[in-house]
Every structure is written in C-alpha cells, then in structure tokens.
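Heads up, the thing below is written out as structure tokens.
Only heavy atoms go into these numbers, but all of them, side chains included; no hydrogens, no water, no symmetry mates. When a ligand or atom number is given, it counts from 1 through the structure's own listing order.
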Amino acid sequence: QAKKDGKNLYRFFDPTMNRLSEERFRMIGGLRKALKDDEFVLYYQPKVNLQTGRWIGAEALLRWQHPSEGLLSPARFIDLAEETGLIVGIGQWVLKQACHQCIEWHKLGYRNLQMAVNLSPVQFTRGNLTAEVRQALDASGLAGHHLELELTESLLLRDAENIRTQLNELRTHGISFSIDDFGTGYSNLGYLSKFQLEALKVDQSFVRKLLSSKQDQDITLAIINIAKSLGLVTVAEGIEDEETLTKLKSMGCEMGQGYFWSKPLPVDEFTDMLARYAEDATQAHQS
Ligand code: C2E
Ligand code: MG
Ligand code: MG
Ligand code: MG
C-alpha cells in the first residue's frame with residue numbers, strides 16, 4: 001500500500017513520468033484515430049500440420065500502420081488498448097476482418113482453411129463478445145467451425161462462471177478454443193478440464209530452447225502429455241529450424257507455427273503461398 005502511494009506521488013513530481021503520461025495520452029488519441037481511419041492491418045501466419053507439412057489455417061496477427069512511425073507490432077500498443085478498453089472496438093474490427101478474409105480464401109478453393117483470432121480477456125469483461133463474434137460470422141458468411149479463438153491462460157482463472165457461459169454460447173456456433181502461450185501462466189489443470197477446448201499452444205520460450213535445455217524439453221513433453229490426456233491437440237509456437245521440428249514430431253506434437261515455414265505475412269503474400277502449401281491446393285487448381 002505504502003509502495004502504491006509512493007508511486008502516485010512520484011508520478012506528479014518526476015518530469016520523466018510527465019513525459020511518459022504525455023506519450024501515453026498521445027498514443028490513446030492515436031489508437032482512437034487508427035480505428036476511425038482504418039490504420040490497423042492483419043498479418044497472417046500459417047498453422048501447419050507437422051506430419052504432412054500442409055498449411056491448415058492462419059493466425060491473424062494485428063499490426064498498426066502508424067502514419068509517422070511505420071508498422072507497429074502489438075507489443076507497442078496492445079497493453080494500452082486493453083487498459084483503456086479500446087481493445088473492444090479494435091478486437092471487433094479484427095474479428096470482422098479475419099472472418100471476411102477466411103471466406104475470401106475459401107472462395108479461392110481453400111475450403112478447409114481455418115482462421116485463428118487472438119482474444120484479450122478484456123473483450124470478455126467489457127464488450128459483448130458473443131454478439132460481436134456472431135456479427136462477424138454473419139457479415140462474412142463464415143461457418144463457426146472455421147473459426148478458432150485463442151485465449152490466455154489467465155482468462156480461465158478469472159471469473160470462471162461468466163467466462164464459461166460466454167464460451168459455451170460461442171461453442172454452440174461451432175467455434176473452437178485454444179490456449180495461447182501455454183505453460184507461462186498458472187497451469188490449473190482442474191480448470192483446464194472444465195472448459196471444452198481444442199488445443200494447447202506450447203509457448204515459444206520452451207520451443208526456442210528445446211534442443212539446448214533439458215528442462216524446456218521436459219516441460220514441452222509434459223504439455224504434450226497433458227493435452228493428450230485431455231483429448232486436445234498440441235500446437236508448438238516459434239519453430240525456427242528443422243531440428244526442432246523433427247524433435248517435436250518425435251515427441252508427439254501435431255501442429256506448429258514459426259519462421260521455419262513463414263513469418264506473419266501481409267494478405268497478398270499469404271494468398272500466394274497457399275497455392276503451394278495449403279491442404280486443399282489441388283482442389284484449388286481444379287476449380
Ligand atoms: P501470440 O498470439 O502468441 O503470437 C505469436 C507471436 O510470435 C507473434 O508476434 C508472431 O509474429 C511471433 N512468432 C511466430 N513465429 C515465430 C518464430 O518462429 N520466432 C519468433 N521469434 N517469433 C515468432 P506478434 O505478431 O508480434 O504478436 C504478439 C502478440 O500480440 C501475440 O502473441 C498476441 O498475444 C498479441 N496479438 C496479436 N494480434 C492480436 C489481436 O488481434 N488481438 C489481441 N488481443 N492480441 C493480439
Ligand atoms: Mg496467438
Ligand atoms: Mg503465443
Ligand atoms: Mg504471446
């Protein structure tokens with residue numbers, strides 16, 4: 001408590017903090033404007049079936065095409081968007097855009113392609129998420145079973161009853177759920193089994209050191225085994241080389257993402273790659 005009070009005083013008297021709050025203020029205005037002026041863009045990274053090497057879906061990753069600072073990654077603005085509640089409007093835009101894009105790819109013949117969208121816990125507590133997701137599906141015509149929502153571990157620990165109600169409602173539309181960055185938050189296995197999930201995504205911090213650290217290898221194997229015992233798919237994030245890929249396959253991991261296949265790409269580049277790598281590329285050539 002004393003520490004908290006001290007911090008508040010500090011904020012009033014320290015000129016550096018003043019500059020920080022000015023910067024913050026500018027960023028908040030910038031985020032509002034970005035939404036109004038359509039400055040956000042989605043990049044797409046493939047989700048790959050490790051056995052076949054085929055791209056079975058895309059994860060939508062948000063970028064801000066800032067008028068003066070260039071392309072900004074989410075690390076630069078997501079926290080502030082969450083604190084201010086602006087993530088609700090931004091998240092709604094992401095959902096609409098991602099569903100729309102998935103349908104565009106289906107029309108090109110990649111009819112099984114899945115779309116994964118990251119959700120902030122704030123969208124569950126401050127927005128009307130279920131209505132927004134339904135709107136995004138309706139407006140695009142995308143079937144719910146092509147949409148996967150990536151949740152954080154912390155979400156499932158917070159106000160579990162209310163969250164579970166919303167997830168259940170979304171699931172009636174065929175939507176599936178995965179847990180992002182798994183292993184970095186609380187791993188309350190009792191909670192995990194209460195929610196009907198599709199996949200656990202092994203955090204890239206474990207994958208990166210898979211070959212060099214026995215501990216990270218043990219954790220990764222434990223996550224794969226937890227997923228198996230709960231009937232869930234495992235997705236490894238941040239696979240950058242073939243050796244790591246081979247190791248993960250031998251450990252029983254089914255899916256992956258990472259620079260080994262591709263960085264997140266602008267939509268046109270992703271579309272070009274689909275012809276070569278998508279699961280139903282042959283169908284696409286016939287049509
Ligand atoms: P995430 O959902 O865990 O996404 C994975 C991040 O790892 C992405 O960063 C991706 O570019 C990066 N990545 C993928 N493969 C590799 C690899 O092989 N090596 C390395 N070093 N990195 C890799 P990005 O796009 O900067 O996104 C960061 C985080 O921002 C995301 O983590 C997600 O939590 C959040 N985010 C992104 N888009 C959205 C969004 O639309 N809504 C919300 N609420 N959060 C988002
Ligand atoms: Mg994600
Ligand atoms: Mg992740
Ligand atoms: Mg992350």
K228 (side chain) donor-acceptor with G252 (main chain) under 3.5 angstrom: yes
Minimum-distance N/O/S atom that E59 presents toward the Mg ion (ligand 2): OE2
Ligand 1 atoms in contact with D180 (distance to a heavy atom under 4.0 Å): 1 (P), 2 (O), 3 (O)
Aromatic contact, Y277 with W261 (centres under 6.0 Å): no
ILVMFWY cluster, F177 and L200 together (side-chain gap under 4.5 Å): yes
Ligand 1-proximal atoms of L42, by part, heavy-atom distance under 4.0 Å: neither
Numbered atoms of ligand 1 (with element) below 4.0 Å of P264, judged on heavy atoms: 11 (O)
Proximity to ligand 1 by part of E59, non-hydrogen separation under 4.0 Å: side chain
Where ligand 1 meets L61 - atom numbers and elements under 4.0 angstrom, heavy-atom basis: 4 (O), 25 (O), 37 (C), 38 (N)
Metal proximity, D180 vs the Mg ion (ligand 3), N/O/S cut-off 2.8 Å: yes
Residue portion contacting ligand 1 (non-hydrogen atoms closer than 4.0 Å) for E237: side chain
Sub-4.0 Å atoms of ligand 1 with respect to non-hydrogen atoms of Q45: 14 (C), 15 (N)
The Mg ion (ligand 2) contact by E150, N, O or S atom under 2.8 Å: yes
Centroid-centroid distance, H145 to H173, less than 6.0 Å: no
Closest approach to the Mg ion (ligand 3) by D181, given as the N, O or S atom name: OD1
Close approach, A75 and ligand 1, non-hydrogen under 4.0 angstrom: no
